[in-house]
Amino acid sequence: MNVAAPQSTAMRWIYLAYMLVFFLYLAAPLVSAAIFAFNDSLFPALPWKGFTLDWFFGSTEPMLGLFHDRRLMEGLKNSVVIGLIVSTLSVAVGTCNAFLFERRSFPGKSLLYVLMIVPLVIPGVILGISILVFASMIANGVEEVFGWEWDFLRPGTFLVVIGQFSFLVTIATLVIAARLRKFDVSLEEAALNLGASRSRVLMTVTLPYLTPALFAAFIVSFLMSFENFNTTLMLVGSDAPLTITMYDRMVKVGSTPVLNAVSVFLMIGSGLLALLSIFAQRGKGQA
């Protein structure tokens with residue numbers, strides 16, 4: 001079939017209807033969640049009782065807003081801290097992995113590459129439980145043999161970072177390796193022939209070329225860390241990130257419009273980070 005041939009009117013209408021239904025399917029839950037964040041009601045449901053910003057800025061119960069809710073703000077802070085740590089580690093190790101897989105040949109390379117991909121296909125709950133059991137086994141063994149208490153191997157921020165890092169580093173590696181694969185090695189050879197050291201070539205030639213991929217990998221890792229729930233739930237301690245705090249709030253109190261307000265805040269934040277990543281890569285490409 002010639003795809004460039006003119007389409008019939010019926011086919012164009014079918015195509016437009018399909019696109020409309022598809023985008024409605026994607027957008028309808030997000031739009032409905034956003035709308036009820038501004039409903040002057042104690043429940044995120046119809047009927048509509050008027051417009052309000054109390055679920056964002058309210059300072060008194062029962063309509064305590066997001067920015068005055070201590071637990072939600074504490075969860076937001078924990079999520080940002082964990083996301084920054086995990087993203088930084090993922091980009092740093094992912095860059096090393098990208099050079100390893102793209103520039104080096106060694107025995108067992110294919111097997112190591114498969115092992116790196118495995119965390120992406122393992123369910124998050126299984127991954128979290130496995131890390132928790134392994135860390136607890138080490139902590140218990142050290143305590144029994146040496147009498148040392150390694151509390152950092154108990155449920156808490158450290159294990160959450162380790163759990164998220166175990167699969168986010170794979171994503172960062174794939175993003176950076178895809179960019180590195182397109183790099184013209186002759187540019188490095190030319191710089192070396194002109195007398196530059198390998199470290200100087202890396203800092204002035206290779207890494208500037210990889211900057212868009214490094215930034216994109218950081219943003220993707222941060223967003224995935226921020227919204228991760230399954231793995232985090234198995235490893236979290238007292239310093240719960242935002243997703244766990246929202247889940248705990250919903251189980252104990254039930255769904256309230258303040259959770260919709262959190263959703264709006266996260267949608268706006270995620271969208272801005274995604275746009276920042278696109279603009280950064282576009283600006284680098286134009287430069």
Side-chain angles (χ1 to χ4, degrees), residues 23-88 124 128 155-161 163-164 168 218-279:
F23 283 109
L24 283 176
Y25 170 76
L26 293 179
L30 301 178
V31 173
S32 61
I35 290 175
F36 287 117
F38 301 96
N39 189 15
D40 191 8
S41 171
L42 297 179
F43 304 99
L46 294 173
W48 179 264
K49 293 188 177 181
F51 180 86
T52 183
L53 291 176
D54 286 348
W55 296 114
F56 292 89
F57 304 105
S59 58
T60 57
E61 295 285 358
M63 298 182 70
L64 185 63
L66 162 64
F67 298 109
H68 290 277
D69 191 308
R70 185 185 59 82
R71 289 193 61 197
L72 289 177
M73 294 306 295
E74 187 71 21
L76 177 62
K77 185 196 76 172
N78 293 335
S79 290
V80 171
V81 171
I82 292 171
L84 291 175
I85 295 174
V86 173
S87 301
T88 302
T157 301
F158 179 79
L159 284 190
V160 171
V161 169
Q164 294 184 1
L168 290 179
F218 184 90
I219 294 298
V220 171
S221 299
F222 181 83
L223 291 176
M224 294 191 67
S225 168
F226 204 97
E227 60 84 25
N228 182 261
F229 178 79
N230 294 338
T231 303
T232 303
L233 181 63
M234 299 296 106
L235 304 172
V236 72
S238 57
D239 297 329
L242 185 59
T243 52
I244 306 301
T245 303
M246 293 174 65
Y247 173 75
D248 185 63
R249 177 76 166 266
M250 187 172 63
V251 169
K252 293 181 178 179
V253 181
S255 181
T256 62
V258 72
L259 299 182
N260 295 67
V262 176
S263 302
V264 172
F265 179 80
L266 295 182
M267 283 188 282
I268 294 175
S270 300
L272 291 177
L273 287 177
L275 288 175
L276 181 62
S277 176
I278 293 173
F279 288 146

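For clarity, every value in this text was computed on a predicted model and none was experimentally measured.
- Within 6.0 Å of CZ in Phe56 there are more than 12 heavy atoms belonging to other residues, nucleotides or ligands.
- The aromatic rings of Phe38 and Phe51 lie parallel to each other, with less than 30° between the two planes, well short of the 60° mark.
- Of the residues Val161, Val160, Leu159, the one that meets the side-chain contact (heavy atoms from CB on, under 4.5 Å) test with Thr157 is Val161.
- Side-chain atoms of Phe218 and Leu84, non-hydrogen and from C-beta on, do get closer than 4.5 Å to each other.
- For the side chain to side chain donor-acceptor pair (under 3.5 Å) test, residues two or more places apart in sequence or in another chain that qualify with Asp69 are Arg249.
- The closest donor-acceptor contact from the side chain of Ser270 to the backbone of Met267 lies at 3.5 Å or more, if one exists at all.
- Between Thr232 and Ile82 there is no side-chain heavy-atom pair separated by less than 4.5 Å.
- The number of heavy-atom neighbours closer than 6.0 Å to CZ of Phe265, taken from other residues, nucleotides and ligands shown, is 12 or below.
- Note that CD1 of Ile85 is 11.0 Å distant from CZ of Phe222, once rounded to the nearest 0.5 Å.
- When only modelled atom types and interatomic distance are considered, Gln164 and Thr231 share no side-chain donor-acceptor pair under 3.5 Å.
- For Lys77, the side chain to side chain donor-acceptor pair (under 3.5 Å) partners two or more places apart in sequence, or in a different chain, are Glu74.
- Rounding to the nearest 0.5 Å gives a distance of 7.5 Å between CZ of Phe229 and CE of Met234.
- To the nearest 0.5 Å, atoms CD1 (Ile244) and CG (Leu233) are separated by 4.5 Å.
- Listed by chain and residue number, Asp54 satisfy the side chain to side chain donor-acceptor pair (under 3.5 Å) test with Thr52 (two or more places apart in sequence, or in another chain).
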